[in-house]
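Encoded as structure tokens, the structure appears first; notes follow it.
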There are 2 protein chains.
Amino acid sequence: MTQFGTFVHTARRSLQEADRRYSLRQVAKRIGVEPGYLSKIERGQVAPPSEAATVRLAKELDQDPDVLLALGGKVSSDLQEVIRKRPRLFAQLIRELRDAPDQAVLRLVREVRDGDW
Amino acid sequence: MTQFGTFVHTARRSLQEADRRYSLRQVAKRIGVEPGYLSKIERGQVAPPSEAATVRLAKELDQDPDVLLALGGKVSSDLQEVIRKRPRLFAQLIRELRDAPDQAVLRLVREVRDGDW
DNA sequence: GCGAGTGTGTAGTGTTTAGGAAACATGACG
DNA sequence: CGTCATGTTTCCTAAACACTACACACTCGC
């Protein structure tokens, strides 16, 4: 999963260009990990961090946590909880949507948001 | 999660009543774990087993793997993969459906199955 | 009463996860 | 030159995960 490291590195670099508070060290400090660890993460030398750390990192870099978690091979635990509460229902829905085009999924989202149940 | 152990124990016992091939030892052997381990699982003395072992157990006991995984605090990795491929889309949909009644989710499932995209 | 089969208790094992500590090298600048 | 600040490297580890090995005790059928 070098995807993860590259993504983080690129995002941070881009912020750093405009604002030197986005050095590796300062970002590491703000999200509560050691600089050495963040360095290894960016270079893909270690596995992506825990869910909690990933979310802190995403927020710090102004990225979507769900996307960053996905790059790290994870799924947010609050989503998992929703599924676990009604496993048959959600398993069926999600498998059904595996090959559906984005459009179709989006339509469902809207349909639900307009709360017509 | 003693839910898990109790569920497994009950399911196995019920099968065992009619068919003595469903002793703890024989089931353990068929799903490829040590009897002592399965015993501890049923009594909640250890955490629920890995995803792979859970699925084998579910099939052996003629139960829905997704349900058993859920009882074990897990979500099937193939579902996770679907989500990880389009994290924003699925995160939004699932969160939107968190409080929706079963009826509403079911309607979506049918809607999608009737493939109207 | 003994052998087969049943479930259980204790102890220990290898692997993975999720990092921390500290030293090192580089470059920029005043 | 000295001294920041930057990123990197090496080494280490505590805890959780997912089990195995094996001895023990009980009971049922013959």
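Only a predicted model underlies this, so the values are computations on that prediction, with no experimental measurement involved. Numbers restart at 1 for each chain; the letters A, B, ... are given by sequence-line order, proteins then strands. The figures that follow rest on heavy atoms only: side chains count, while hydrogens, waters and symmetry mates do not.
If you measure from atom CD of A/E51 to atom P of C/dG19, you get 11 Å, rounded to the nearest angstrom. A/R56 places its CZ atom 11 Å from the C1' atom of C/dA18, with the value rounded to the nearest Å. The distance from atom CZ of B/R21 to atom P of C/dA4 is 21 Å, rounded to the nearest whole Å.
The closest side-chain heavy-atom distance from A/L93 to B/L106 is not below 4.5 Å. Contact of the B/E34 side chain with the B/R25 side chain is not registered, since no non-hydrogen atoms from C-beta on lie closer than 4.5 Å. No side-chain heavy atom of A/V82 sits under 4.5 Å from any side-chain heavy atom of B/L97.
Residue B/S50 places no side-chain N or O under 4.0 Å from the OP1 or OP2 atom of D/dC17. The phosphate of C/dT6 (OP1 or OP2) has no side-chain N or O of B/K29 nearer than 4.0 angstrom.
Nearest approach of B/P35 to B/A28, heavy atoms of both residues: CA-CB, 3.8 Å.
A/D66 pairs with exactly one of B/R84, B/R95, B/R88, B/Q92 by the side chain to side chain donor-acceptor pair (under 3.5 Å) rule, that one being B/R95. Evaluated for a side chain to side chain contact (heavy atoms under 4.5 Å, CB included) with A/D64, the options A/D62, A/V67, A/L68 yield exactly one hit, A/V67.
Judged purely by distance below 3.5 Å, without hydrogens or angles, the side chains of B/S77 and B/E51 pair a donor atom with an acceptor atom.
Contacts with DNA chain D (heavy atom under 4.0 Å) in residues 77-84 of chain B: none are found.
Between A/R56 and A/E60, no side-chain nitrogen of the basic residue sits less than 4.0 Å from a carboxylate oxygen of the acidic one, so the salt-bridge criterion is not met.
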Provide a list of protein-nucleic acid N or O atom pairs under 3.5 angstrom, restricted to nucleotides 5-11 of chain D.
residue	atom	partner	partner atom	Å
D/dT6	OP1	A/S23	OG	3.0
D/dT6	OP1	A/Q26	NE2	3.1
D/dG7	OP1	A/R12	NH1	3.2
D/dG7	OP1	A/Q16	NE2	3.0
D/dG7	OP1	A/L24	N	3.4
D/dG7	OP2	A/L24	N	2.4
D/dG7	OP2	A/R25	N	3.2
D/dG7	N7	A/R25	NE	2.8
D/dG7	N7	A/R25	NH2	3.0
D/dG7	O6	A/R25	NH2	2.4
D/dT8	OP1	A/R43	NE	2.8
D/dT8	OP1	A/R43	NH2	3.0
D/dT8	OP2	A/S39	OG	3.1
D/dT9	OP2	A/Q45	NE2	3.3
D/dT10	O4	A/K40	NZ	3.4

